[in-house]
Amino acid sequence: QVHLVESGGGSVQAGESLTLSCEASGSPSNYYVIGWFREAPGMGRAGREGISCIRSNDGSTYYEDSVKGRFTVSRDKTKNTVYLQMNRLKPEDTAVYYCATAVCTSVAITTTPSDSWGQGTQVTVSA
């Protein structure tokens, strides 16, 4: 099983940027697809939305409409790390952000009960 650790969250003003990192450990971590999810305040685990993912084989990516054009997902296989560059942040981006192993297609990101999740990192965007 893959162990995932997120970092890079914080508090910023609207319009600013943050970069989240998701470091994976456990073999063979580089073969896993990693996705980014977020849980807005009061939504609970059932309300987590998948916002982006990157496939390990061809590097293809997916973005949910609300982040398309503002967020960029990338992967450094030498560091077993996936990044989420978040630009032009908005107050509605405030959430706990999680990375997880996932199924990533060009139109959706999904997880199964056997997928691994990180502990989450808080992102707070003030107006």
Side-chain angles (χ1 to χ4, degrees):
Q1 190 172 14
V2 179
H3 181 60
L4 304 174
V5 178
E6 303 96 336
S7 61
S11 297
V12 296
Q13 299 285 322
E16 295 183 342
S17 300
L18 280 174
T19 299
L20 305 183
S21 300
C22 175
E23 184 174 1
S25 60
S27 180
S29 55
N30 267 330
Y31 294 91
Y32 286 91
V33 174
I34 299 293
W36 286 98
F37 299 77
R38 64 185 180 187
E39 184 179 315
M43 295 300 291
R45 186 179 181 120
R48 288 183 190 177
E49 60 171 342
I51 57 173
S52 184
C53 55
I54 183 165
R55 301 183 68 174
S56 60
N57 54 351
D58 60 4
S60 57
T61 58
Y62 160 81
Y63 297 98
E64 193 270 334
D65 285 347
S66 67
V67 306
K68 198 174 294 183
R70 299 188 298 125
F71 292 10
T72 303
V73 64
S74 62
R75 186 170 196 151
D76 186 339
K77 289 188 175 183
T78 65
K79 297 181 179 180
N80 286 351
T81 300
V82 173
Y83 303 95
L84 186 68
Q85 172 70 42
M86 306 186 295
N87 297 327
R88 304 197 307 278
L89 283 161
K90 305 175 181 180
E92 51 263 44
D93 294 318
T94 294
V96 179
Y97 284 71
Y98 299 87
C99 62
T101 56
V103 176
C104 180
T105 72
S106 61
V107 296
I109 172 175
T110 58
T111 62
T112 69
S114 63
D115 279 311
S116 300
W117 289 80
Q119 83 289 349
T121 185
Q122 177 70 46
V123 172
T124 303
V125 185
S126 55

Closest non-hydrogen atom pair between [X] and [Y], with its separation:
{"X": "Ser21", "Y": "Thr81", "answer": "CB-CG2, 4.1 Å"}
{"X": "Val96", "Y": "Gly120", "answer": "CG1-CA, 3.9 Å"}
{"X": "Ala127", "Y": "Ala14", "answer": "CA-CB, 4.3 Å"}
{"X": "Ala102", "Y": "Gly35", "answer": "CB-N, 4.3 Å"}
{"X": "Ser126", "Y": "Pro91", "answer": "C-CG, 4.4 Å"}
{"X": "Ile54", "Y": "Thr61", "answer": "CG1-CG2, 3.9 Å"}

- Item | Residue pair Val12, Met86: steps toward the side chain to side chain contact (heavy atoms under 4.5 Å, CB included) verdict | CA-CA 11 Å; Val12 296; Met86 306 186 295; over 6 Å; no

Can you get from [X] to [Y] by hopping between Ile, Leu, Val, Met, Phe, Trp and Tyr side chains that sit under 4.5 Å apart?
{"X": "Trp36", "Y": "Leu18", "result": "yes"}
{"X": "Ile34", "Y": "Tyr83", "result": "no"}
{"X": "Tyr98", "Y": "Leu89", "result": "no"}
{"X": "Phe71", "Y": "Val73", "result": "yes"}
{"X": "Leu4", "Y": "Leu84", "result": "yes"}

Nearest 0.5 angstrom please: [X] [atom1] to [Y] [atom2], how far?
{"X": "Glu64", "Y": "Ile109", "atom1": "CD", "atom2": "CD1", "answer": "10.5 Å"}
{"X": "Gln122", "Y": "Glu39", "atom1": "CD", "atom2": "CD", "answer": "10.0 Å"}
{"X": "His3", "Y": "Ser25", "atom1": "NE2", "atom2": "OG", "answer": "5.0 Å"}
{"X": "Arg48", "Y": "Thr111", "atom1": "CZ", "atom2": "OG1", "answer": "9.0 Å"}
{"X": "Glu23", "Y": "Asp76", "atom1": "CD", "atom2": "CG", "answer": "10.5 Å"}
{"X": "Asn80", "Y": "Arg75", "atom1": "CG", "atom2": "CZ", "answer": "8.0 Å"}

- Go through Thr105 and Tyr62 one step at a time and tell me if the side chain to side chain contact (heavy atoms under 4.5 Å, CB included) criterion holds. CA-CA 7 Å; Thr105 72; Tyr62 160 81; 5.9 Å; no

Is [X] reaching over with its side chain to a backbone N or O of [Y], donor-acceptor style, under 3.5 angstrom?
{"X": "Gln85", "Y": "Thr72", "answer": "no"}
{"X": "Thr101", "Y": "Ser116", "answer": "yes"}
{"X": "Ser56", "Y": "Val33", "answer": "no"}
{"X": "Gln119", "Y": "Val5", "answer": "no"}

- Check ion pair Lys68-Asp65 (N to O, under 4.0 angstrom):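 Judged by the 4.0 Å cut-off on N to carboxylate O distance, Lys68 and Asp65 do form a salt bridge.
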
- Task: Taking the side chain as every heavy atom from C-beta outward, state whether Met43 and Glu49 have any atom pair closer than 4.5 Å.
- Result: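 Side chain of Met43 against side chain of Glu49, heavy atoms only: no contact under 4.5 Å found.
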
- Message: Can you confirm whether Val123 sits close enough to Arg38 that some side-chain heavy atom of one is under 4.5 Å from a side-chain heavy atom of the other?
- Response: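 Of all side-chain heavy-atom pairs linking Arg38 with Val123, none is under 4.5 Å.
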
- Message: Could you check whether Trp117 and Phe37 have their ring centres less than 6.0 Å apart?
- Response: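 Ring-ring flag for Phe37/Trp117: true, centres closer than 6.0 Å.
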
